[in-house]
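I have placed the structure first, in the form of structure tokens, so that the comments after it can refer back to it.
What you see is a predicted model, and the numbers here were worked out from it, not measured in a lab.
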Amino acid sequence: MITPESIQARDLAEQTALNFFIYMKSQRVDDLVNLFLADAVQEQPFVFPGQKPALVGHKDIRQNYEMALGKRHSHTFDILALHRTQEPDCVIVEARGTSILGENGHVYDNRYVAIFHVQGDRIANLRLYFDPLVAQNAFAKIRGLA
């Protein structure tokens, strides 16, 4: 298991991308939101009904992560791969995230591909790919829909 904390970032862009997973894991919503520029966009190309395909600005990003992380515990992220492109501000991270849903004790286990575009030590754009069916099924169990 390779945790985001155990990776030695080669530069600020990589550290910024790794901080996203560190803050998610530790459920530090304020730090997570402040990792994004005020006008940042988080794109979510594959979503389930009720989710926004894009989060724009701190308000949307905060609402999303407060809901998503609210009652979870035992959150972990394994970094499966970290890729660089010819663009120095672009970092691509493949990860696996697991947690326990506090509402029902079920395990949430999903894979992610996150494409970060950073400016300095802030995220300007994040395109986050994950399996929406895993998320939908987990939250349907909470809502008593499964």
Side-chain angles (χ1 to χ4, degrees), residues 1-37 40-85 89-119 121-146:
M1 177 166 90
I2 300 174
T3 65
E5 299 89 348
S6 70
I7 296 174
Q8 180 67 41
R10 293 174 282 191
D11 60 22
L12 190 56
E14 284 186 8
Q15 189 59 60
T16 302
L18 292 169
N19 283 346
F20 173 83
F21 293 100
I22 292 167
Y23 297 159
M24 286 275 290
K25 176 182 172 184
S26 59
Q27 298 178 289
R28 293 165 48 189
V29 175
D30 288 338
D31 290 332
L32 184 61
V33 171
N34 290 326
L35 193 58
F36 288 83
L37 291 173
V41 176
Q42 177 176 314
E43 301 172 63
Q44 302 176 136
F46 304 112
V47 296
F48 61 89
Q51 274 192 307
K52 293 180 177 183
L55 307 172
V56 180
H58 281 179
K59 182 180 177 185
D60 279 358
I61 292 167
R62 177 178 297 284
Q63 287 176 335
N64 178 71
Y65 287 107
E66 284 177 345
M67 186 279 303
L69 298 174
K71 295 184 180 178
R72 290 193 205 180
H73 61 87
S74 304
H75 211 123
T76 64
F77 276 102
D78 298 328
I79 304 301
L80 306 174
L82 192 147
H83 308 281
R84 294 308 296 264
T85 69
D89 69 336
C90 183
V91 178
I92 302 169
V93 179
E94 297 177 51
R96 176 181 177 208
T98 62
S99 61
I100 306 296
L101 301 176
E103 295 89 345
N104 60 19
H106 288 103
V107 174
Y108 179 81
D109 187 344
N110 212 337
R111 304 242 176 185
Y112 302 87
V113 174
I115 303 171
F116 295 90
H117 288 274
V118 301
Q119 290 179 13
D121 62 350
R122 299 284 183 258
I123 299 167
N125 182 276
L126 169 59
R127 181 172 279 196
L128 188 62
Y129 293 92
F130 58 92
D131 185 341
L133 295 178
V134 171
Q136 182 176 359
N137 289 338
F139 289 104
K141 289 175 185 175
I142 291 170
R143 295 180 186 122
L145 303 174

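Taking OH of Y112 as the start and CD1 of I79 as the end, the distance is 11.5 Å to the nearest 0.5 Å. Taking OH of Y129 as the start and CD of E43 as the end, the distance is 7.5 Å to the nearest 0.5 Å. M24 contributes atom CE, which lies 8.5 Å from atom OG of S99 (distance to the nearest 0.5 angstrom). In this structure, the separation between CZ on F77 and CZ on R96 is 11.5 Å, given to the nearest 0.5 Å. In this structure, the separation between CD1 on I7 and CZ on F21 is 9.5 Å, given to the nearest 0.5 Å. Here E5 contributes atom CD and N19 contributes atom CG; the two are 9.5 Å apart, rounded to the nearest 0.5 Å.
Between Y108 and H106, the gap from one ring centroid to the other reaches at least 6.0 Å. Between F46 and F130, the ring centre distance reaches or exceeds 6.0 Å.
When atom types are taken as modelled, the side chain of Q44 and the backbone of K52 share a donor-acceptor pair closer than 3.5 angstrom. A donor-acceptor pair is defined here as one N or O able to donate and one able to accept, closer than 3.5 Å; no such pair exists between the side chain of H117 and the backbone of I123. Distance alone, capped at 3.5 Å, is enough to place a donor-acceptor pair between the N34 side chain and the D30 backbone. Judged by distance alone, with hydrogens and angles left aside, the side-chain atoms of Q27 form a donor-acceptor pair with the main-chain N or O of R72 at under 3.5 Å. Judged purely by atom type and a 3.5 angstrom limit, H73 has no side-chain atom pairing as donor or acceptor with the backbone of L101. Judged by distance alone, the side chain of D109 and the main-chain N or O of T98 form no donor-acceptor pair under 3.5 Å. No donor-acceptor pair under 3.5 Å is formed between the side chain of D78 and the backbone N or O of L80.
Between Q119 and D89, every side-chain heavy-atom pair lies at or beyond the 4.5 Å cut-off. Between V93 and V91, the closest side-chain pair of non-hydrogen atoms falls below 4.5 Å. Counting heavy atoms from C-beta on, the side chains of L55 and R62 never come closer than 4.5 Å. Contact annotation: the side chain of V118 never approaches that of L12 to less than 4.5 Å [non-hydrogen atoms, C-beta and beyond]. A heavy-atom distance below 4.5 Å is not found between the side chains of M67 and Y65.
Minimum interatomic distance between A81 and H83 (heavy atoms only, all atoms of both residues): CB-NE2, 3.5 Å. Closest approach of K25 to H75, counting heavy atoms only: CG-O, 3.3 Å. Closest approach of C90 to T85, counting heavy atoms only: CB-OG1, 3.4 Å. The two atoms that bring D60 and A54 nearest to each other are OD2-O, 4.4 Å, heavy atoms only. Among all heavy-atom pairs drawn from T16 and L35, the shortest one is O-CD2, 3.7 Å. When all heavy atoms of A114 and L128 are compared, the closest pair comes out as CB-CD1, 3.8 Å.
Environment of CD1 in I2: sparse, with no more than 12 heavy atoms of neighbouring residues, nucleotides or ligands closer than 6.0 Å.
The residues D11 and R84 are annotated as salt-bridged, a charged nitrogen and a carboxylate oxygen being separated by less than 4.0 angstrom.
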*From CA spacing to verdict: side chain to side chain contact (heavy atoms under 4.5 Å, CB included), R10, L82*: CA-CA 11 Å; R10 293 174 282 191; L82 192 147; 3.5 Å; yes
